[in-house]
Amino acid sequence: MSATVLARLLRAPGEIARACRDDDPEVRAIAATSLASIALGAAAFGGVLGSFRGGMQILYGAAKVPLAVLATLALAAPAFHALAAVLGRPWPMRSIVALALASAGRSSLVLLAFAPALWLMLDLGMGYHTAAIVASGAYAVAGFAALSLLVRGLGEGKGRVTTAIAFISVFFAVGGQTAWILRPYLVRPRAVNVPFLRDREGSFAEAVLTSLTSAAIYSDRPYRIDAPAESDGWERGRSTRSREVEEDFEEEGGQ
Amino acid sequence: MQAHAPYVDALAGDAPPEPQGTTPPPPPPGAAAEAPADESAPSFAKSLLGDGPEGAAGALRDDARRFATALALSALYGLSIGTRDGGLSILKHAAAVPLAPLAVAGLGVPALFIVLTLFDAPIDPPAAVKAAARGAATTGLVLGGLAPAMALFVTTSSSRVGAAFSAGLGLMLAGIFGLRAFLGAIGVPLGRASAGVRTMSGFALAGFAIFATALSARVWWSTLPIFGGAQ
């Protein structure tokens, strides 16, 4: 792992992208550093997510997030190669793999930067839903960091935007499905058993569609917890909890 | 590709990649930062999509090699979607996926050639074969590239409809790219024709696009077990 390459990965994505694209002699160092960044950054972020539940989930999270990233790259790289070729960039597979690795390495470094802040927020008592949203936000920022390198790597010329959109679509679909089959990452602290993998159910696309449909159906109804209700002493005691903790409590059947 | 007729661009969207077989001009000084990757670098995709050698015998052999590679890559996609059911289904899918590009090249392209010749379009059989090989190669390359990802989708989707939808999406995408490459390649000689011939050829190409889409859908729907065909 080269500190120089690491710094350039963050500071000069254009140079790194050009080196990958042109099959520069330093591609080997870039690939090795990117792999190390993925292993370290994604594992740290996964471990922090797992710390919400604690115990074995920390190890599971630290193993599964890098695994998801690497599996996604392995499955998507041939598609990147083919799509780039038919859209006017018939580059060697080696260049495409190096570019994808460097992008993922950069995003993993961003995840590594988010990990301490996320851990602190979890330690201060952040709820399940907020944690999920914050983690999604971190993934989004990391995704943009990767995208900036990837788009620079495509260079100028016709079909640049189409190729970038094709890459993003493939990465989102493959990454989403890979992450879906490797879940759970964020587990509630009350969960007794923590499986490494959940049973096969639906697919990432079906889950997204279900969530969107559900959101569309319930978006015009008053939020359940906001509704005024009769309260007794016990209820008044519970009212000191945050709305989010209350929601978690009810979702888990009041256990 | 500068000689493309407007209808070809309209049918095909952006022009397909330029042939990569010729040596590109050297980039101007200072342009290295934004220039694409070294065009002379060896690449499987470039050799598959690029122009073959000049001369009828060499060109035909090269087109045949390209077509065979495309069918093999299509079969690879079939293997990947067959993994959902496993066993004999893998072989059934591997045999069925290449049938559509084969049918389009064997039935559609000769018919198109006859129609274009009726309009006195400046196209000869080698040009039609070359365009067909280019289209099939593009379809095969996309299918081969999507094969690993598709194996993930079809084996990890719990519902059969979801798996079939994913497989169909990949086939559709590859078909669109293949058609686009075919129309772009066959548009090169047509661009030299008169305005009237170009207009009539445009109608013929539009009809071919519809025919190729319908034929591919028919073949895949009736032969691929993942869609309920050839059970």
Side-chain angles (χ1 to χ4, degrees), chain A residues 14-15 17-24 71-72 74-96 99 152-162 166 169-171 173-178 180-182 199-207 209, chain B residues 1 13-20 31-39 41-50 73 76 80 134 137-159 161-163 165-166 169-170 173-174 176-178 180-181 184:
Chain A
E15 285 179 22
R18 194 167 56 248
C20 295
R21 197 178 61 203
D22 296 343
D23 206 8
D24 200 85
T72 300
L75 293 169
F80 288 165
H81 177 62
L83 291 172
V86 299
L87 289 167
R89 289 166 173 76
W91 298 340
M93 185 75 168
R94 183 183 161 93
S95 298
I96 297 284
L99 195 58
R152 283 184 173 96
L154 294 177
E156 294 297 327
K158 201 169 182 179
R160 182 193 193 194
V161 175
T162 314
S169 306
V170 169
F171 187 83
V174 177
Q177 184 70 11
T178 310
W180 175 258
I181 61 172
L182 287 174
D199 290 337
R200 196 169 74 166
E201 48 177 334
S203 66
F204 172 65
E206 287 166 340
L209 281 176
Chain B
M1 293 291 174
D14 289 339
E18 288 286 337
Q20 303 297 325
E34 295 301 338
D38 181 9
E39 296 292 330
S43 160
F44 170 73
K46 191 191 293 180
S47 69
L48 190 63
L49 301 179
L73 288 170
L76 189 66
S80 76
R134 172 76 63 85
T138 303
T139 300
L141 186 64
V142 174
L143 287 176
L146 289 175
M150 206 47 69
L152 169 80
F153 286 121
V154 299
T155 52
T156 59
S157 294
S158 62
S159 76
V161 174
F165 180 77
S166 304
L169 204 61
L173 192 69
I176 289 169
F177 276 117
R180 174 178 176 270

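Note that the structure is a prediction, hence the values are computed from the model and not measured. In what follows, every chain begins at residue 1, and chains take the letters A, B, ... in the order their sequences are listed.
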Subject >> Part of Ser80(B) within contact of chain A (heavy atom distance under 4.5 Å) >> reply: neither

Original post:
Which residues, numbered in order, of residues 142-149 of chain B come under 4.5 angstrom of chain A by heavy-atom distance?
Top reply: Val142(B), Gly145(B), Leu146(B), Pro148(B), Ala149(B)

Original post:
Given a strict heavy-atom distance threshold of 4.5 Å, which part of Ala173(A) is in contact with chain B: side chain, backbone, both, or neither?
Top reply: both

Subject >> Check: Asp23(A) main-chain N/O paired with Arg94(A) side-chain donor or acceptor under 3.5 Å >> reply: no

**OP:** With sequence neighbours left out, write down each residue that passes ring pair (Phe, Tyr, Trp, His ring centres under 6.0 Å) with Phe80(A), or none if nothing qualifies.
**Re:** Phe167(A)

**OP:** Apply salt bridge (charged side-chain N to carboxylate O under 4.0 Å, His left out) to Asp24(A) and list each qualifying residue two or more places apart in sequence or on a separate chain.
**Re:** none

**OP:** Write down the atom of Gly140(B), the atom of Leu73(B), and the distance for their closest heavy-atom approach.
**Re:** O-CB, 3.2 Å

Subject >> side-chain contact (heavy atoms from CB on, under 4.5 Å) between Phe44(B) and Met93(A), intermediate numbers included >> reply: CA-CA 8 Å; Phe44(B) 170 73; Met93(A) 185 75 168; over 6 Å; no

Original post:
Among all residues two or more places apart in sequence or in another chain, which pass the side-chain contact (heavy atoms from CB on, under 4.5 Å) test with Leu182(A)?
Top reply: Lys64(A), Leu67(A), Ala68(A), Thr178(A), Tyr185(A), Leu197(A)

Original post:
Looking at Cys20(A) and Leu99(A), what are the two nearest heavy atoms and their distance?
Top reply: CB-N, 3.8 Å

**OP:** Under 4.5 Å, counting heavy-atom pairs only, tell me which of Ala79(A), Gly153(A), Gly14(A), Ala17(A) racks up the most with chain B.
**Re:** Ala79(A)

